[in-house]
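All values below were derived from every heavy atom in this structure, side-chain atoms included, with hydrogens, water molecules and symmetry-related copies excluded.
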Amino acid sequence: MKRFCIIIFFAANFCFAQLSTPVYIDNEKKLQFTSSNLPIFVINTNGQNIIDDDKITVDLGVIYNGEGVRNNVTDSFNHYDGKIGIEIRGSSSQMFPKKQYGVETRDADGEDLDVSLLGMPAESDWIFYAPYSDKSLMRNVLAYDLAREMGRYATRSKYFELVLNGDYKGVYVLFEKIKRDKNRVNIKKLEPDDVSGDALTGGYIIKIDKWTGTNNDGWNSNFPPYFNAWQSISYQYHIPKPEDIVWQQKNYIQNYIYTFEKKMYSSGFDDPDTGYVNNIDIQSFADFFLINEISKNVDGYRLSTFMYKDRNSVNSKLFMGPIWDYNLAFGNADYYNGWLKEGWQLEYLSNDSGFLSSDGAVVPFWWKKLMEDTLFANTVRMKWEKYKNSLFSMNSFNSKIDSLIGILNESQQRNFVRWTVLGQYVWPNAYIGQTYANEMMYLKTWIRDRLIWLDDYMIGNIVSVAEDININPNNFELYQNYPNPFNPNTKIKFTIPSGNTFTSLVVYDLLGNKVADLVDGELASGSYEISFDGTKLSSGVYFYTLRFGDKSLSKKMLLIK
């Protein structure tokens with residue numbers, strides 16, 4: 001049975017169970033929104049205004065008949081029909097007329113209610129993201145999909161069309177909010193009484209971001225982001241929330257990050273035994289670096305940057321991620337070199353005098369030192385070689401983009417009737433396409449040229465060896481370094497028979513002391529060559545050991561100065 005309608009003054013007739021009157025996309029042209037291949041979300045605020053802070057309780061109905069089945073605005077609310085808390089969210093995006101929202105699914109008493117929306121794992125906290133200046137409607141989705149395909153958690157996404165108080169609002173994206181959960185950032189829950197022992201050591205989610213919103217808390221780094229900096233780096237508590245974290249937990253996570261920063265600030269930061277490698281998960285930092293640089297994110301490293309730490313009994317290291325906020329990436333910014341396909345974004349944000357003298361949000365000093373460190377650079381290069389012909393290939397990006405274009409084919413047309421931004425400059429567009437097809441061609445071309453530049457200038461020394469060596473070798477082999485003896489540089493070649501197995505290449509002195517980590521992580525099946533720089537070492541005999549799973553091979557080499 002249909003429920004009775006409430007007539008909202010100056011709005012269309014609205015029903016709690018369904019919409020029974022036309023929803024207009026353009027009132028002047030009388031263009032109607034009647035159905036969609038996407039889920040349809042319908043919000044009734046019951047006369048309330050949605051504000052920036054403090055969620056108001058409203059009604060949400062979701063029409064979703066399943067994948068591949070059309071959804072009509074007159075269908076009943078068959079996927080969700082209940083209460084939500086809602087507020088306007090975002091920082092610079094709040095200036096746009098198309099608003100994005102932070103949402104909590106709630107029960108009848110106003111308490112948080114875990115719900116599975118559009119097939120995502122059940123939770124109560126969600127983001128209704130409103131692409132506006134990103135006229136592709138997909139930059140965030142592309143970045144998050146890439147991170148997940150690399151094995152990192154990133155928010156899942158699902159497109160929908162939104163009707164708010166009878167007003168068609170266009171294409172939105174349902175995102176998961178970053179929080180601790182077994183299906184999101186899967187770390188231990190830190191309770192207020194976890195103030196000692198292993199329980200105190202995790203889990204934490206920390207972020208570097210603007211101090212917008214309410215109830216923020218955190219601390220400033222003891223180390224300047226660059227020489228004579230007028231800015232400081234601020235770390236904020238994200239999980240536990242500022243109102244929940246207790247002083248013992250604050251002290252612990254502050255001291256943990258201070259120890260990492262102190263090591264990075266020292267001259268011996270790259271020492272394989274006492275340096276930073278004992279404090280961070282280098283693989284996650286390398287993944288974060290690559291995603292930021294592939295997309296050339298102008299906010300990368302310095303804003304919307306999350307880190308997390310689990311309990312020591314699970315993993316004692318600091319992880320980078322999840323990634324967040326890539327709407328100004330992939331060539332969509334006309335400032336901070338964001339439109340250029342060339343150049344390292346990290347180098348610009350670390351060195352450009354104009355940027356450093358004017359922007360209060362800068363990059364922590366340790367990112368630049370990581371980029372210049374041999375082990376980190378080689379880890380990045382290793383990952384690039386692993387993915388450049390698959391996830392990082394233009395074929396892969398084109399496939400993802402074309403798939404999203406297919407999903408958005410009809411809804412993007414309605415969106416750009418409602419929001420007439422095509423052919424118009426919307427801050428901070430570096431490109432203004434007259435049509436959606438123009439915007440998509442620009443995105444594809446920008447990514448193609450960016451990938452070409454990265455392949456030409458990728459940091460690190462791991463490279464594929466000559467073509468006469470088997471690309472997919474069947475043997476596990478370690479070759480003699482060349483030249484040998486050497487001063488101070490030499491090259492080490494090896495082959496591994498199968499991919500995605502932990503591989504390490506370590507250099508030792510005669511006493512068995514580790515002097516260099518050259519490889520530390522998973523490699524694709526293939527043949528590799530890595531350079532070793534012995535500038536800091538004394539003349540003598542050294543050994544290098546290749547470990548692949550439970551196998552190992554060693555050889556010796558001679559440094560003569």
Side-chain angles (χ1 to χ4, degrees), residues 23 25 31-41 62-73 75 79 98 100 117-120 127-150 154-163 168-176 291 294-295 326-327 329-332 390-423 429 431 433-451:
V23 176
I25 303 170
L31 296 176
Q32 293 185 17
F33 173 46
T34 59
S35 65
S36 177
N37 64 308
L38 302 180
I40 300 171
F41 282 43
V62 178
I63 301 166
Y64 179 46
N65 294 314
E67 289 297 312
V69 182
R70 196 147 192 89
N71 305 295
N72 303 289
V73 295
D75 291 342
H79 185 71
K98 186 181 183 183
Q100 59 175 310
L117 291 179
L118 307 184
M120 297 185 194
I127 304 296
F128 290 3
Y129 169 65
Y132 188 75
S133 64
D134 172 17
K135 297 167 193 172
S136 76
L137 309 176
M138 64 177 67
R139 283 177 166 87
N140 272 320
V141 174
L142 280 175
Y144 301 156
D145 283 354
L146 182 61
R148 287 197 305 277
E149 289 175 339
M150 293 173 70
T155 178
R156 301 168 182 89
S157 60
K158 191 79 172 181
Y159 286 101
F160 65 93
E161 293 186 83
L162 176 65
V163 178
Y168 175 79
K169 294 295 186 181
V171 172
Y172 275 68
V173 193
L174 177 68
F175 284 146
E176 297 169 317
I291 295 172
I294 288 172
S295 65
Y326 282 71
N327 60 309
F330 297 107
N332 193 36
S390 53
L391 297 183
F392 297 164
S393 71
M394 199 59 233
N395 285 339
S396 178
F397 273 102
N398 281 341
S399 178
K400 292 187 184 76
I401 292 170
D402 288 342
S403 176
L404 294 175
I405 289 174
I407 292 170
L408 295 168
N409 183 49
E410 62 169 273
S411 58
Q412 60 85 9
Q413 298 177 56
R414 290 188 287 267
N415 181 83
F416 293 120
V417 171
R418 179 62 178 84
W419 307 106
T420 56
V421 294
L422 290 176
N429 293 159
Y431 170 80
Q434 298 303 307
T435 65
Y436 187 65
N438 292 159
E439 291 286 345
M440 300 318 302
M441 182 57 66
Y442 169 75
L443 177 62
K444 286 184 174 182
T445 302
W446 190 93
I447 293 174
R448 179 200 66 195
D449 293 346
R450 181 64 178 158
L451 294 175

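In terms of heavy-atom proximity, Ala154 sits nearest to Ala147 at CB-CB, 3.8 Å. When all heavy atoms are compared, the tightest approach of Asn332 to Ser133 is ND2-O, 3.6 Å. Annotation for Leu451 and Ser393: closest pair CD1-C, 4.1 Å, computed over non-hydrogen atoms. Among all heavy-atom pairs drawn from Gly170 and Asn415, the shortest one is CA-OD1, 3.6 Å. Contact detail for Arg414 and Ser36: the closest heavy-atom pair is NH2-OG, 3.4 Å. Minimum interatomic distance between Asn65 and Asn71 (heavy atoms only, all atoms of both residues): N-OD1, 2.7 Å.
Taking the side chain as every heavy atom from C-beta outward, Trp419 and Lys169 approach each other to under 4.5 Å. A heavy-atom distance below 4.5 Å is not found between the side chains of Gln32 and Val73. Side-chain contact between Phe416 and Tyr436 is present, with heavy atoms from C-beta onward closer than 4.5 Å. The shortest distance between side-chain heavy atoms of Tyr159 and Leu404 falls below 4.5 Å. Within the 4.5 Å cutoff, the side chain of Ile63 has no heavy atoms near those of the Asn72 side chain. Contact check for Tyr144 versus Phe175: side-chain heavy atoms found under the 4.5 Å cut-off. Using a 4.5 Å heavy-atom threshold, the side chains of Gln412 and Glu439 count as separate. At least one side-chain heavy atom of Met138 sits under 4.5 Å from a side-chain heavy atom of Met440.
Between the OG1 atom of Thr155 and the CD1 atom of Ile127 there is a distance of 8.0 Å, given to the nearest 0.5 Å. The CZ atom of Phe33 sits 4.0 Å away from the CD1 atom of Ile40 when rounded to the nearest 0.5 Å. Separating the CG atom in Asn37 from the CD1 atom in Ile407 is a distance of 8.5 Å, to the nearest 0.5 Å. The distance from atom CZ of Phe397 to atom CG of Asp402, rounded to the nearest 0.5 Å, is 13.0 Å. Taking CD1 of Ile447 as the start and CG of Leu142 as the end, the distance is 6.0 Å to the nearest 0.5 Å. A distance of 9.0 Å separates CG in Asp449 from CE in Met394, rounded to the nearest 0.5 Å.
With Asn327 contributing its side chain and Pro131 its backbone, the two residues share no donor-acceptor pair below 3.5 Å. Of the possible donor and acceptor atoms, one in the side chain of Tyr442 sits under 3.5 Å from a partner among the backbone N and O of Gly331. In terms of modelled atom types and a separation under 3.5 Å, the side chain of Lys135 and the main chain of Val421 share a donor-acceptor contact. A donor-acceptor contact shorter than 3.5 Å links the side chain of Arg418 to the backbone of Tyr168. Of the possible polar contacts, one joining the His79 side chain to the Leu118 backbone as a donor-acceptor pair under 3.5 Å is found. Not a single donor-acceptor pair under 3.5 Å links the side chain of Asn398 to the backbone N or O of Lys444.
Checking Leu443, Asn438, Thr445 one by one against Met441, the side chain to side chain contact (heavy atoms under 4.5 Å, CB included) holds for a single residue, Thr445. Phe160 pairs with exactly one of Phe128, Tyr129, Tyr64 by the ring pair (Phe, Tyr, Trp, His ring centres under 6.0 Å) rule, that one being Phe128.
For the residue pair Ser411 / Glu161, no side-chain donor-acceptor distance below 3.5 Å is found, with atom types taken as modelled. With 3.5 Å as the limit, one finds no donor-acceptor pair spanning the side chains of Asn140 and Asp134.
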*Worked verdict on Glu176 versus Arg148 for salt bridge (Lys or Arg N to Asp or Glu O under 4.0 Å)*: CA-CA 13 Å; Glu176 297 169 317; Arg148 287 197 305 277; over 6 Å; no
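A cation-pi arrangement, defined by a distance under 6.0 Å to the six-membered ring centre and an angle within 45 degrees of its axis, is present between Lys98 and Tyr172.
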